[in-house]
Structure formats: C-alpha cells, structure tokens
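Have a look at the structure below, then the notes.
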Amino acid sequence: MDGNGRWAQRRGQMRTTGHRMGVEAVREAVRSAGELGIRYLTLFAFSSENWSRPEDEVNDLMGLLKFFVRRDLAELHREGVRVRVIGNRRALKADILSLLAEAEDLTRNNSALELIIAFNYGGRDDIARAARGLVDQVARGELDPQSINEDAISNALDTAGIPDPDLIIRTSGEQRISNFLIWQAAYAEFVFLPCLWPDFGRADFEEAIRQYSCRDRRFGSVAERDLALGS
C-alpha cells in the first residue's frame with residue numbers, strides 16, 4: 001500500500017494526512033475484496049524497516065492502527081471477516097499487542113474473508129524466525145533435521161495455514177517487492193499500478209484482477225496448449 005506520503009506532499013499537506021486517507025482506502029479494499037469473492041487479503045501495513053522513519057510519523061502510524069481497529073473491528077466481525085496479524089511482535093508495546101490480540105480473538109471463528117495484516121513484518125525476518133524455531137526443535141530432539149523441507153519451512157512461517165498469494169498488487173508505480181512475503185511469493189503474479197494508495201478504489205482492484213486473469217500461470221511446467229503442440 002504505497003504512496004501515502006507522496007499523495008499528501010503533492011497536495012501540500014503533511015505526510016500524516018496521507019496515512020489517514022490511506023486508512024480509508026484500506027476500508028474500501030476490504031469491502032471490495034468481500035464483494036469480489038476474494039477469500040484472503042493481506043495488507044502490508046507496517047514493515048520492520050519502517051521504524052527508521054521519523055518518530056512522529058511512526059507514532060502516527062501506531063495511532064492509526066489503533067483507530068482502525070477500534071472503529072472498524074465490530075463491523076468487520078459482523079461481516080464475518082477474520083483478522084490475523086503476521087509479523088514480529090517482540091518490539092511492539094503492550095497496548096498494541098493487546099489490541100491485535102483482541103482483533104484476532106474476537107474474529108477467530110469468522111470465515112467470510114480472512115484479513116491478514118502484516119505489521120512489523122519483513123520477509124527475511126519471517127524466514128529467520130522460522131529457521132530459529134526449527135533449529136530449536138532439532139536441539140530439543142523434537143525434529144529430525146533430515147525432515148526439514150519446503151513444507152516444514154512454510155509451516156514455521158507467520159503465514160502457516162494461509163495459502164501462498166496468487167496476486168500481489170503494489171501501488172504508486174514502484175516495481176519491487178520490498179521484503180514482502182518473499183518466500184510465499186515464489187509463484188505469485190505481480191501487478192504494479194501507478195495510482196497512489198489513498199486513490200486506490202474498486203476500479204483499481206478490478207483492473208488488477210483483470211490483468212491477473214490474463215496471465216498464463218504454469219508453475220514451472222508448460223501450458224496444455226504447448227503440450228498438445230509437442231513443444
């Protein structure tokens with residue numbers, strides 16, 4: 001969800017204003033996902049690298065998370081949305097941790113849409129923490145190191161039990177993954193949109209899905225048409 005700061009700066013406003021407008025785009029994206037029949041929606045809300053931003057901006061982002069959960073949690077629950085949070089929780093303050101736990105606990109049994117919020121998340125950190133967890137199991141004699149395969153690693157990641165993403169959308173015209181779901185995105189399709197995140201709406205969501213629907217996903221194999229031709 002890229003471009004909040006630039007959206008505000010182009011309008012001569014504070015970056016925090018862009019983040020606030022970005023929250024409204026989040027609400028629209030969640031609503032659109034439900035209406036479009038999407039079962040899993042992951043939002044990269046705060047990366048493990050975002051701590052390097054100015055303290056005032058970080059504090060504002062934390063405040064916006066609180067605002068979003070307190071304002072929208074009841075509605076998400078009514079709509080059958082299950083909230084799940086991925087990311088490293090060790091650096092988070094107690095008030096943030098309790099808020100995230102409340103959202104997860106309240107919506108745990110919902111099944112209409114799974115909303116995964118990546119908060120203090122980094123793909124490399126996710127893999128490193130998973131590796132340490134597997135090493136600890138080996139050290140305790142609970143795991144044979146020879147049994148560690150791709151499935152074992154996937155099941156040790158924050159996203160265990162969540163399907164790998166089919167489509168990753170990045171706004172603002174940037175064309176990089178920025179440490180997001182780097183293990184899970186091995187076969188994801190990417191769509192890069194020029195719009196800044198606060199301007200992302202239903203039409204943009206549908207355009208990304210339209211582009212995705214035109215892709216030929218082979219997962220390392222060949223298309224049936226090519227097989228028929230003997231390629």
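The analysis underlying the following values was restricted to heavy atoms, covering all of them including side chains, and did not include hydrogens, waters or symmetry mates.
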| remark: In this structure, CZ of Arg27 is separated from CG of Leu76 (nearest 0.5 Å) by 9.0 Å
| Shared hydrophobic cluster for Phe46 and Tyr121 (ILVMFWY, side-chain gaps under 4.5 Å) | no
| request: Examine distances only and state if a side-chain atom of Arg217 and a backbone atom of Ser213 form a donor-acceptor pair shorter than 3.5 Å. | output: no
For residues 56-66, which side-chain N or O atoms pair as donor and acceptor with protein atoms under 3.5 Å away, sequence neighbours left out?
| from | atom 1 | to | atom 2 | distance (Å) |
| --- | --- | --- | --- | --- |
| Glu57 | OE1 | Arg15 | NE | 3.1 |
| Glu57 | OE2 | Arg15 | NE | 3.4 |
| Glu57 | OE2 | Arg15 | NH2 | 3.0 |
| Glu57 | OE2 | His19 | NE2 | 2.8 |
| Glu57 | OE2 | Arg53 | NH1 | 3.0 |
| Asn59 | ND2 | Glu55 | O | 3.3 |
| Asp60 | OD1 | Arg20 | NH2 | 3.1 |
| Lys66 | NZ | Asp95 | OD2 | 2.5 |

| task | Identify the heavy atoms of Asp199 and Asp204 that sit nearest to each other, and give their distance. | result | O-OD2, 3.3 Å
| Roughly how far, to the nearest 0.5 Å, is CG of Asn4 from OG1 of Thr16? | 10.5 Å
| Where do Gly18 and Pro198 come nearest, in terms of heavy atoms and distance? | O-CG, 3.8 Å
| field | Ile117 and Arg84, any side-chain heavy atoms less than 4.5 Å apart | value | no
| task | Considering only NZ, NE, NH1 and NH2 on the basic side and carboxylate oxygens on the acidic side, decide whether Arg108 and Glu104 come within less than 4.0 Å. | result | no
| field | Qualifying residue, where the test is side-chain contact (heavy atoms from CB on, under 4.5 Å) with Val191 and the options are Arg215, Glu207, Arg210 | value | Arg215
| query | Would you find a donor on one side and an acceptor on the other, under 3.5 Å apart, between the side chain of Thr107 and the backbone of Asn110? | reply | no
| query | What are the two closest heavy atoms between Leu134 and Ala152, and how far apart are they? | reply | CD2-O, 4.2 Å
| Going only through I, L, V, M, F, W and Y residues with side-chain contacts under 4.5 Å, is there a path from Leu115 to Phe180? | no
| Quick check: does any side chain N or O of Asn120 sit under 3.5 Å from a backbone N or O of Asn88, one acting as donor and the other as acceptor? | yes
| query | Got Ile169 and Phe205 here, is their nearest side-chain heavy-atom distance under 4.5 Å? | reply | yes
| Charged N to carboxylate O below 4.0 Å: is that the case for Arg31 and Glu79? | no
| query | Are side-chain N/O atoms of Gln13 and Gln9 paired as donor and acceptor at under 3.5 Å? | reply | no
| query | Hey, what do you get for CG (Leu181) to CG (Asp164), rounding to the nearest 0.5 Å? | reply | 8.5 Å
| query | Do Arg170 and Ser178 have a side chain donor and acceptor closer than 3.5 Å? | reply | yes
| Ile209 side, atom CD1; Glu189 side, atom CD - distance, nearest 0.5 Å | 13.5 Å
| message | Test of understanding: with ring pair (Phe, Tyr, Trp, His ring centres under 6.0 Å), list the residues that count as partners of Trp197, not counting sequence neighbours. | response | Phe200
| Donor-acceptor under 3.5 Å (Asn179 side chain, Gly123 main chain) | yes
| query | So if you build clusters from Ile, Leu, Val, Met, Phe, Trp, Tyr with side-chain heavy-atom gaps below 4.5 Å, do Val81 and Val69 land together? | reply | yes
| note | What one should report as the nearest heavy-atom pair of Gly122 and Ser48 is CA-OG, 3.5 Å
| query | Ion pair present between Asp136 and Arg132, side-chain N to carboxylate O less than 4.0 angstrom? | reply | no
| said: Do Ile162 and Gln184 have side chains that approach each other closer than 4.5 Å (heavy atoms only, starting at C-beta)? | reply: no
| said: Please determine whether the number of non-hydrogen atoms from other residues, nucleotides or ligands lying under 6.0 Å from atom CD of Glu150 exceeds 12. | reply: no
| query | Can you tell me how far the CD atom of Glu174 sits from the CG atom of Leu193, to the nearest 0.5 Å? | reply | 12.5 Å
| Of all heavy-atom pairs between Leu196 and Gly3, which one has the smallest distance, and what is that distance? | CB-O, 3.8 Å
Atom pairs and distances, donor-acceptor, side-chain atoms in residues 37-45, under 3.5 Å, two or more places apart:
| from | atom 1 | to | atom 2 | distance (Å) |
| --- | --- | --- | --- | --- |
| Arg39 | NH2 | Ser111 | O | 3.1 |

| said: Applying a strict under-4.5 Å side-chain criterion to I, L, V, M, F, W and Y, I'd like to know whether Leu157 and Ile168 cluster together. | reply: yes
| message | Side chains of Asp126 and Trp183 only: does a donor on one sit below 3.5 Å from an acceptor on the other? | response | no
| request: Give a yes or no answer on whether the side chain of Thr171 reaches the backbone of Met1 with a donor-acceptor pair at less than 3.5 Å. | output: no
| task | Can you see which heavy atom on Gly34 is nearest to which on Leu113, and at what distance? | result | N-CD2, 4.4 Å
| said: Could you check whether Arg70 pairs with Glu102 (Lys NZ or Arg NE/NH1/NH2 to Asp/Glu carboxylate O, under 4.0 Å)? | reply: no
| field | ILVMFWY network linking Phe68 to Ile96, side-chain heavy atoms under 4.5 angstrom | value | yes
| message | Would you say CZ of Arg140 has more than 12 non-hydrogen atoms from neighbouring residues, nucleotides or ligands within 6.0 angstrom? | response | yes
| For the side chain of Arg11 and the backbone of Trp7, is there at least one donor-acceptor N/O pair under 3.5 Å apart? | yes
